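Comments concern the structure below.
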Amino acid sequence: MARGPEDLANTLKRIDGRGYRAYRDIEGSYELPTHKLVIDHVQGDPFATPSRVRVVVPGAQTGFDSSLYATADRNRALCDFITRVAAAACARETQRAGTGRSGVISIDTPGPEILERTSVNIGDSGLEARLSVGLPAAGRRVLGKKAADMLLGRVSSVVTSSLFLSSLDESAVARHIESIEDQCALREQLTDRGLVAFVGDGSSLPRRSGVDPRPMTEGVVRFRSPESLRCEFTLPNAGTVSGMGVPAGVTVIVGGGYHGKSTLLRAMELGVYDHPSGDGRELVATVPDAVKIRAEDGRSVRGVNISPFISNLPLGRDTVDFSTDEASGSTSQAANIAEALEYGTSLLLIDEDTSATNFMIRDQRMQELVAKDREPITPFIDKVRQMHDELGVSTIVVIGGVGDYFDVADTVVLMDAYLPSDATERAREIASRHVNERTSEGGEAFGRVSRRAPEPGSLDPRRGKRSERADAKDRSTILFGRTALDLSAVEQLVSVSQTRAVADCLLLLRRRFMDGELTVSELLDRLDELLDERGLDALSRFPLGGYARPRRQEIAQALNRFRTLSVRQLS
Ligand code: ADP
Ligand code: MG
């Protein structure tokens, strides 16, 4: 039997002034005139994680035509739009009064990337939004009247102002969906066109600051492709767009300090995601499996074959099955690449600013002073072509200080006062005039990519008595059982909601799939399959609104940073 708003109001009246735990009595669902209110979980006290509440509007009443959510991309776009509107409504309807989180209404709020999320779900049966609600308290006592005003009044206002098509700007909804559809189409066409990245003319790449990802507003130089690299794409909604196509192969971005090299690379790192219009990067697209590679000294490495880059370590340490609790700059960068090749990528993105110099280059003079057999590192410059020619993995590398890279580049882009030019011919000409006498140290072939089977027993999810737990403390920290994972160097992880999902993906991998036989790559295939089929809800036993979908690349990077991980290498 369906309960109505009066039932909720009566219960709240009854428990008014009682201990906070009495709020448990309101759990359950209520039929309201405009929507169903489902109180899934009531927080234990006013300071705990807020209560989980869902609001559901039946399909027929929302006004959204099924064409607006018929494909996965459109669905993601529409849910993103609604989430953003709902987030603004929640902020308006939040009235802090009382202890702890009393009065707070919130929904997981997207940043500048448009991700598959669980905050809002839409289908033929209806539209559901998942909110967090801080049930009001004075001290630790129930404030029944305030709670009634909140759940029946202010939450309802959020519903009416964001979950019906009639309350939204319909043309803005359409534009948002069309823009995302275009971005997906653009990204999908890259490979067929022989490209790994595209930066549209007119794009605005710089951000306000390192900690503020909103677009820079003043003094922005908009992107303009060099003629020789310009290409056009026909998109389903926007029609023809033009911009710089970065061909597969080895691309070197050069230019003076402060001329916009890192900003361009960062935009390409995030080009694996879609962006809302106005962000400035709506027309930046990168192949979806692109991985940013950097040095990360101090990270742990477990059973990785880094021998393509590092061999003959002092004291005869093994680099075919290499483990360390404390990698150096160069070994960590080598491991990051070796792992990326294992979990799957077709494009590496590397910035000199976050690279180990001795990993990137060993010049002629150093080769003469320090003999090859005294230097464990084979520099990246001698491997980058093999990776492309043998493994089909392209690289875009920012390097302002080392012209030796001209010898291995297919394309050289020169950034000058934030504008790119095509310096490929000139770099070639310079390279032929100043013949480089350094010796290539890359050997005959790239070498072997690891295939590792993780041991499930090496990941311990227990925390306290028997309970298995993994959660995200912030964007860059996961607590898995009692083990902390530092993901601050996983730079394409953009939201704490993704980190939260990564934590539960690891838990699920450990519980469901890891058997000591399946390889990292096979495990990720299974997981992707499950998430494609069942969505992010497969990660939890309860409906949670705080997940955003991570790529397999980020899940793998988290797994690889487990200090306790043990693996078996398969040949
Ligand atoms: P580099 O890597 O070449 O040293 P950065 O990409 O770090 O240079 O950029 C240097 C500064 O210039 C940054 O503060 C950045 O925000 C700003 N910047 C980058 N691109 C642009 C642009 N297109 N227009 C205006 N400012 C920019
Ligand atoms: Mg830089």
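First listed ligand is number 1; within each ligand, the first listed atom is number 1. Keep in mind that what you see is a predicted model, and the values were worked out from it rather than measured.
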Checklist entry - Would R438 and D382 satisfy salt bridge (Lys or Arg N to Asp or Glu O under 4.0 Å), going step by step from the backbone distance to the final call? => result CA-CA 11 Å; R438 72 178 291 281; D382 293 327; 3.0 Å; yes
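Considering backbone and side-chain N/O atoms, Y258 comes within less than 3.5 Å of an N/O atom of ligand 1. Checked against a 3.5 angstrom limit, the closest N/O atoms of T263 and ligand 1 fall inside it. Of the N or O atoms in G257, none lie within a sub-3.5 Å distance of an N or O in ligand 1.
With a cut-off of 2.8 Å, the Mg ion (ligand 2) has an N, O or S atom of S262 in range. For D353, the nearest N, O or S atom to the Mg ion (ligand 2) falls under 2.8 Å.
Under 4.0 Å from ligand 1, not a single heavy atom of M415 appears. Heavy atoms from both the backbone and the side chain of S262 come within less than 4.0 Å of ligand 1.
Note on ligand 1: G400 sits outside its first shell, no heavy atom being nearer than 4.0 Å. Using a 4.0 Å heavy-atom cutoff, V220 is listed among the residues neighbouring ligand 1.
Judged by distance alone, the side chains of Q333 and S355 do bring a donor and an acceptor atom under 3.5 Å apart.
Protein heavy atom nearest atom 24 (N) of ligand 1, with residue, atom name and distance: V221 N, 2.9 Å. Here the heavy atom of the protein found nearest to atom 8 (O) of ligand 1 is G260 N, 3.1 Å.
Each of the following atoms of ligand 1 lies closer than 4.0 Å to a heavy atom of G219: 24 (N), 25 (C). Of all the atoms in ligand 1, the ones that sit under 4.0 Å from a non-hydrogen atom of H259 are 1 (P), 3 (O), 8 (O).
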